[in-house]
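Notes follow once the structure below has been shown.
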There are 2 protein chains.
Amino acid sequence: MTNAGKRVLIVDDEAPIREMIAVALEMAGYECLEAENVQDAHSLVVDLRPDMILLDWMLPGVSGIEFARRLKREEATAELPIIMLTAKGEEENKVQGLESGADDYITKPFSPRELVARLKAVLRRATPPGVEETIEVNGLILDPVCHRVMAHDKAVDVGPTEYRLLQFFMTHQERAYSRSQLLDQVWGGNVYVEERTVDVHIRRLRKALGQSHEQLIQTVRGTGYRFSTKAS
Amino acid sequence: MTNAGKRVLIVDDEAPIREMIAVALEMAGYECLEAENVQDAHSLVVDLRPDMILLDWMLPGVSGIEFARRLKREEATAELPIIMLTAKGEEENKVQGLESGADDYITKPFSPRELVARLKAVLRRATPPGVEETIEVNGLILDPVCHRVMAHDKAVDVGPTEYRLLQFFMTHQERAYSRSQLLDQVWGGNVYVEERTVDVHIRRLRKALGQSHEQLIQTVRGTGYRFSTKAS
DNA sequence: GCCCCTTGTCACATACCTGTAACATCCCGC
DNA sequence: GCGGGATGTTACAGGTATGTGACAAGGGGC
């Protein structure tokens, strides 16, 4: 896979733990960066542009969760995958952690194998080919850099979920996806919502796209949905 | 979906809990088996081949985790998905649980909805996607990935049943099938419908294919139908 | 604390699919 | 050509899948 050679930033205030993780990841072919606080971490993110972050929940000064929120808020780093590290007994915060924008979370102590497995999974999900490319279909433009959608040069106002949904569709055109697959791909595997929720977001997306483009999102009855330029 | 009708084995020593889970799963369309200890569970696994197991961590005698390890060691059951049930406060065992081969774990108490959602997710991951090659015959293309039929580059609009019927025919060309064989293969063995219903769907499929391709589906008088490129 | 936006879910409306029956047509042996 | 069984064709009633609008909860900005 293309996973090898990816840069992973490890943020934890305890040096031995960082070290242990770094060793495990390097054995798995990753390149590691380390930071013991949020300030250093931020510099490294800006300067060295890691491909993902392992972020300890408990950090001196600014907490991990706050840092995660900050990263998700900023354009340039919003797409950076984050795995939260939480100590035993903090699991009640799981939901909060995931909602702060983390793509996964893992509880200490964890096995190196589990860590690597999750990291792979998150990287796989987070790396659609050409994330930075703007995609254009029939006058509908999705610009990941500006995080914005245009239909015939007019800005389209879509919510965050609809944006991700559209991005997924535009990077995976023509293929039919079930509601469950969409939940996996767009919502992330760790979230449990009703399948019908997909319908609602499809509806919101179609509405936002307007008459000119809503037919790009086709219903595949009995199966799910498809993004296609060809008429159904 | 194809999730319905899957058999789930519930292993827990407390009858009320088993019952509660069973009710929740049955409402979601699953078939439930129950066992209160590892011995019974093992027999059921061997005899009735469930599609997945909900396994309590704490069991009298052989513990759940040992049972999981055993199942994963044996050839015949290694692929069987397992979800571990753990009581709150046992969370430190999560890693151990996952390493023993469980595909997910869930902490009691849990909501029925979460249970069903996780179960679905695990089953989904465990179900290998079928062959997804597109088949082309005389300009008629069936593309399972896009879930779509094209005749000379024009999309053909077919309902779900006609789609399955066509897919069956295209993967089993040149051979004649009786109505009851088609009902078995396309509708699934356990349905009770009139044989003449096949005729109606054949008719719908032919109509959808249009003049250019309807002759691919040939009537074998006194027997049934056949998909063939050769004129009859 | 208050307000706005987003989100997931529900309830209801609608569109579509399905199986069946009824009738039409075809095919074959006689 | 006739009769009868087999198949083609159409219509329709009921069920299921999807579309749609509304709502309440929750988070973040102020």
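Within every chain, numbering begins at 1; the chains are lettered A, B, ... in the order of the sequence lines, protein sequences first and strands thereafter.
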Interatomic distance, [X] [atom1] vs [N] [atom2] [rounded to whole Å]:
| X | N | atom1 | atom2 | result |
| --- | --- | --- | --- | --- |
| B:Ile202 | D:dT7 | CD1 | P | 11 Å |
| B:His147 | D:dA17 | NE2 | P | 14 Å |
| A:Arg206 | D:dT20 | CZ | C1' | 11 Å |
| B:Glu194 | C:dA22 | CD | C1' | 13 Å |
| B:Asp199 | C:dC23 | CG | P | 18 Å |
| A:Gln218 | D:dG19 | CD | P | 12 Å |
| A:Ile217 | D:dG19 | CD1 | P | 11 Å |
| B:Lys207 | D:dT7 | NZ | P | 21 Å |

Per B:Arg179 side chain, nearest of listed nucleotides D:dC12, D:dT7, C:dT9
D:dT7

I want to verify a distance call: between C:dT9, D:dG8, C:dT20, whose nearest atom is closest to the A:Val200 side chain?
C:dT9

Just to be sure I understand the rule, does B:Val220 reach a base, reach only the sugar-phosphate, or reach nothing, if contact means heavy atoms closer than 4.0 Å?
sugar-phosphate

Beyond-backbone contact of B:Leu119 with B:Leu25, side-chain heavy atoms, under 4.5 angstrom:
yes

Base, backbone or nothing for each nucleotide of nucleotides 12-17 of chain C, written B, S, -, heavy atoms under 4.0 angstrom, 5' to 3'?
---BBS

Please confirm whether the backbone N or O of B:Leu140 pairs with a side-chain atom of B:Asn138, one donor and one acceptor, at under 3.5 Å?
no

Phosphate OP1/OP2 of [N]: any [X] side-chain N/O under 4.0 Å:
| X | N | result |
| --- | --- | --- |
| A:Thr219 | D:dA17 | no |
| B:Tyr225 | D:dG8 | yes |
| B:Trp187 | C:dG19 | yes |

Degree of bending, the helix from C:dG1-D:dC30 to C:dC30-D:dG1 (end axes from five pairs; round to 10°)
30°

Closest approach of B:Thr161 and B:Val186, non-hydrogen atoms and distance?
O-CG1, 4.3 Å

Can you check side chain to side chain contact (heavy atoms under 4.5 Å, CB included) on B:Phe169 and B:Gln173, steps first, answer last?
CA-CA 6 Å; B:Phe169 273 136; B:Gln173 300 181 28; over 6 Å; no

Can you tell me if B:Glu174 has over 12 outside heavy atoms packed within less than 6.0 Å of its CD?
yes

Can you confirm whether the side chains of A:Thr219 and A:Arg206 place a donor and an acceptor under 3.5 Å from each other?
yes

CD on B:Glu34 to CD1 on B:Ile10, rounded to 0.5 Å:
5.0 Å

To the nearest 0.5 Å, tell me how far A:Lys207 NZ sits from A:Gln211 CD.
13.5 Å

Does A:Asp199 come within less than 4.0 Å of A:Arg179, counting only side-chain N to carboxylate O?
yes

